[in-house]
Amino acid sequence: MAAAAAPGALGTLQASRARLVAACCAPLVPGWRLHRSLAGARVSPAMWARGWAPAAEGAALRRGYSSEVKSEDELRVRYLEEENRGIVVLGINRAYAKNSFSKNLVKMFSKAVDALKSDKKVRTVIVRSEVPGIFCAANLPVPTIAAIDGLALGGGLELALACDIRVAASSAKMGLVETKLAIIPGGGGTQRLPRAIGMSLAKELIFSARVLDGQEAKAVGLVSHVLEQNQEGDAAYRKALDLAREFLPQGPVAMRVAKLAINQGMEVDLVTGLAIEEACYAQTIPTKDRLEGLLAFKEKRSPRYKGE
């Protein structure tokens, strides 16, 4: 019971981490509700609360989260331009603390995530470290990619697990090492790791506090891609950018709805999951993007989607 109390700085850190993960997993598509046909016994109140009820109106992204940020900022938000327009990079920048969590970093991350959720111009979010060799990422309505070029231990890996896709350099090190400190992963690690790699192997890694390199992480399915590190130390980030560019041409509404269908469907039985898919598919039918896609196919040209 003493551990549950988590007094002092440790308790503050754990609470802050929990708030950050909760913020990252708030309702995914503002203003959408699950179809009334799915509001019966098969869909639990918890499922409804996780993503189908309307989200509160989010404030627009403040100037403090623009690409023009001060060098001392702990979180850098960059909107890429030209052929990368629509890609946003969240860079964690606490070199002096090796990207460990602070109240300010949690606050900045939560605000940035809330703002990005309501920004329809955002297509994909990459989470990376601005500190060479250290990673220390978020579940948004758009695809999210964690680029792990260095260390991702404890909370760093827990945040990466909250992303849709993880890529890593072969030299990266990652693991949930909390049991070494006589605590458990308290930022979603005990729940997301089993979902990512299976219960038995997740238990083994958590019980042993084992640290994996990029190749080992790829072998167990913890990351989707592993690359040899380059001289600049950003091989994983570059791969994440390549993936994000692949996502850019697709219909933005379809991307959001597909993510929602996958996330919600994985939490229920297949019959309910198929019903969720049907409801999500119905959301795309009346969109202007769908008509634009059909017209572009007929005219043999690239579609010009607007997220409408």
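Since the model is a prediction, treat every value here as computed from it, not as a measurement.
Between K120 and P252 the shortest side-chain heavy-atom distance does not fall below 4.5 Å. With a 4.5 Å cut-off on side-chain heavy atoms, L205 and L176 do not count as touching. In this structure, L80 and L241 have side chains that are in contact, with non-hydrogen atoms separated by less than 4.5 Å. Proximity of T144 to D164: side-chain heavy atoms (C-beta onward) are separated by under 4.5 Å at one or more points. A heavy-atom distance below 4.5 Å is not found between the side chains of L90 and I126. Residues R256 and V142 meet the side-chain proximity criterion, which asks for heavy atoms closer than 4.5 Å. Residues N230 and R238 have side chains in contact (heavy-atom distance under 4.5 Å, counting atoms from C-beta outward). With contacts defined as side-chain heavy-atom distances shorter than 4.5 Å, the pair F247/I145 qualifies.
Judged as a side-chain hydrogen bond (donor to acceptor under 3.5 Å, both in side chains), and not counting sequence neighbours, the contacts of R85 are E81. Looking at residues two or more places apart in sequence or on another chain, you find a side chain to side chain contact (heavy atoms under 4.5 Å, CB included) between P303 and E292, A296, Y305.
Of the possible donor and acceptor atoms, none in the side chain of E277 sits under 3.5 Å from a partner among the backbone N and O of A261. In this structure, the side chain of E228 does not engage the main chain of S170 through any donor-acceptor pair within 3.5 Å. Proximity of a side-chain donor or acceptor of D289 to a complementary backbone N or O of A254 within less than 3.5 Å is not detected.
In this structure, I92 CD1 and R128 CZ are separated by 11.0 Å, a value rounded to the nearest 0.5 Å. Taking CD1 from I276 and OG1 from T272, the interatomic distance works out to 6.5 Å, rounded to the nearest 0.5 Å. Atom NZ of residue K180 and atom OG of residue S208 lie 8.5 Å apart, to the nearest 0.5 angstrom. In this structure, the separation between CD1 on I184 and CD1 on I206 is 8.0 Å, given to the nearest 0.5 Å. Expressed to the nearest 0.5 Å, how far CG of L140 lies from CG of D114 amounts to 9.0 Å. One finds the CG atom of N84 at 7.0 Å from the CG atom of L248 (value rounded to the nearest 0.5 Å).
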Using a 3.5 Å cut-off and no angle test, enumerate the donor-acceptor pairs between side-chain atoms of residues 214-227 and protein atoms at least two apart in sequence or in another chain.
unit_1: E216; atom_1: OE1; unit_2: D213; atom_2: N; d: 2.9

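Ion pairing between a basic and an acidic side chain is recognised when a charged N comes within 4.0 Å of a carboxylate O; R301 and E299 show such pairing. Taking a cutoff of 4.0 Å between a charged side-chain nitrogen and a carboxylate oxygen, R245 and D242 qualify as a salt bridge.
Taking Ile, Leu, Val, Met, Phe, Trp and Tyr as hydrophobic and joining them when side-chain heavy atoms fall under 4.5 Å apart, one finds I285 in a cluster with Y281. Other members of the hydrophobic cluster containing L274, listed by chain and number, are L270; membership follows side-chain contacts under 4.5 Å among ILVMFWY residues, whether direct or relayed. Under a 4.5 Å side-chain heavy-atom cut-off, the cluster of Ile, Leu, Val, Met, Phe, Trp and Tyr residues that includes M199 has no other member.
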Inset, instruction - Determine, step by step, whether V89 and R76 satisfy the side chain to side chain contact (heavy atoms under 4.5 Å, CB included) criterion, reporting the C-alpha distance in whole Å, the side-chain angles of both residues, the deciding distance to 0.1 Å, and the verdict. - result: CA-CA 8 Å; V89 179; R76 296 176 177 176; over 6 Å; no
Inset, instruction - Please step through side chain to side chain contact (heavy atoms under 4.5 Å, CB included) for the pair R210 and E204, ending with a clear verdict. - result: CA-CA 8 Å; R210 187 180 305 159; E204 180 180 331; 2.9 Å; yes
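Residue G189 comes nearest to E158 through the heavy atom pair N-OE2, 2.9 Å, listed as atom of the first residue, atom of the second, then distance. Nearest approach of A172 to I148, heavy atoms of both residues: CB-O, 3.6 Å. Here the closest heavy-atom approach between residue Y79 and residue V122 is recorded as CE2-CG2, 4.0 Å. For F207 against T179, the heavy-atom pair with the smallest separation is O-OG1, 3.9 Å. The two atoms that bring A196 and R166 nearest to each other are CB-NH2, 4.0 Å, heavy atoms only. Residue A168 comes nearest to M174 through the heavy atom pair CB-CE, 3.7 Å, listed as atom of the first residue, atom of the second, then distance.
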